Amino acid sequence: MIFDLEALGTHWWVEIPKIKNKNITEGVIELVRDFEAKYSRFNKESIIGRLNDSKVINNPTKELINMLT
């Protein structure tokens, strides 16, 4: 199964082999949207958007620290 979505400033095609489960598709979309809300440089409200504006992140998440490491 292949589905597509717009996220993180680009167009994505996601293939989920041999599974036609709408819950999996919705879960992938929710995960991508959550990541985008937190970390997209295109979203001024995201952590990265705020970092671009202020040049400082107070109390960064472990997830962000791991990505930057």
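Scope of the values below: all heavy atoms of this structure, side chains included, with no hydrogens, waters or symmetry mates. Positions are given from 1, in the same order as the sequence printed here. Note that the structure is predicted; figures quoted are calculated from it, not measured.
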Nearest non-hydrogen partners of A37 and S46, listed with the distance: O-CB, 3.2 Å

Output the distance between atom [atom1] ([X]) and atom [atom2] ([Y]), rounded to the nearest 0.5 Å.
| X | Y | atom1 | atom2 | result |
| --- | --- | --- | --- | --- |
| I16 | T25 | CD1 | OG1 | 4.0 Å |
| E30 | E26 | CD | CD | 9.0 Å |
| N58 | I47 | CG | CD1 | 11.5 Å |
| L68 | L51 | CG | CG | 8.0 Å |

Results of side chain to side chain contact (heavy atoms under 4.5 Å, CB included) for I65 - residues two or more places apart only: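 Checked I65 against side chain to side chain contact (heavy atoms under 4.5 Å, CB included); matches are P60, T69.
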
Which residues share a side chain to side chain contact (heavy atoms under 4.5 Å, CB included) with K44, sequence neighbours left out: D53

Which residues share a side-chain hydrogen bond (donor to acceptor under 3.5 Å, both in side chains) with D34, sequence neighbours left out: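 Once residues adjacent in sequence are excluded, the partners of D34 under the side-chain hydrogen bond (donor to acceptor under 3.5 Å, both in side chains) criterion are K38.
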
Enumerate the ring pair (Phe, Tyr, Trp, His ring centres under 6.0 Å) contacts for [range], please, sequence neighbours excluded, ordered by first and then second residue.
| range | result |
| --- | --- |
| residues 47-69 | none |
| residues 50-69 | none |
| residues 37-69 | F35-Y39 |

For R33, salt bridge (Lys or Arg N to Asp or Glu O under 4.0 Å) partners two or more places apart: E36

Side chains of residues 1-12: which donor-acceptor pairs under 3.5 Å do they make with residues two or more places apart or in other chains?
residue: D4; atom: OD2; partner: H11; partner atom: NE2; Å: 2.8
residue: E6; atom: OE2; partner: H11; partner atom: ND1; Å: 2.2
residue: W12; atom: NE1; partner: A7; partner atom: O; Å: 2.8

Intermediate values then yes/no, side chain to side chain contact (heavy atoms under 4.5 Å, CB included), I48 and L64: CA-CA 9 Å; I48 301 304; L64 179 60; 3.9 Å; yes

R50 vs I57, side chain to side chain contact (heavy atoms under 4.5 Å, CB included): CA-CA, chis, key distance, verdict: CA-CA 8 Å; R50 292 190 313 249; I57 297 176; over 6 Å; no

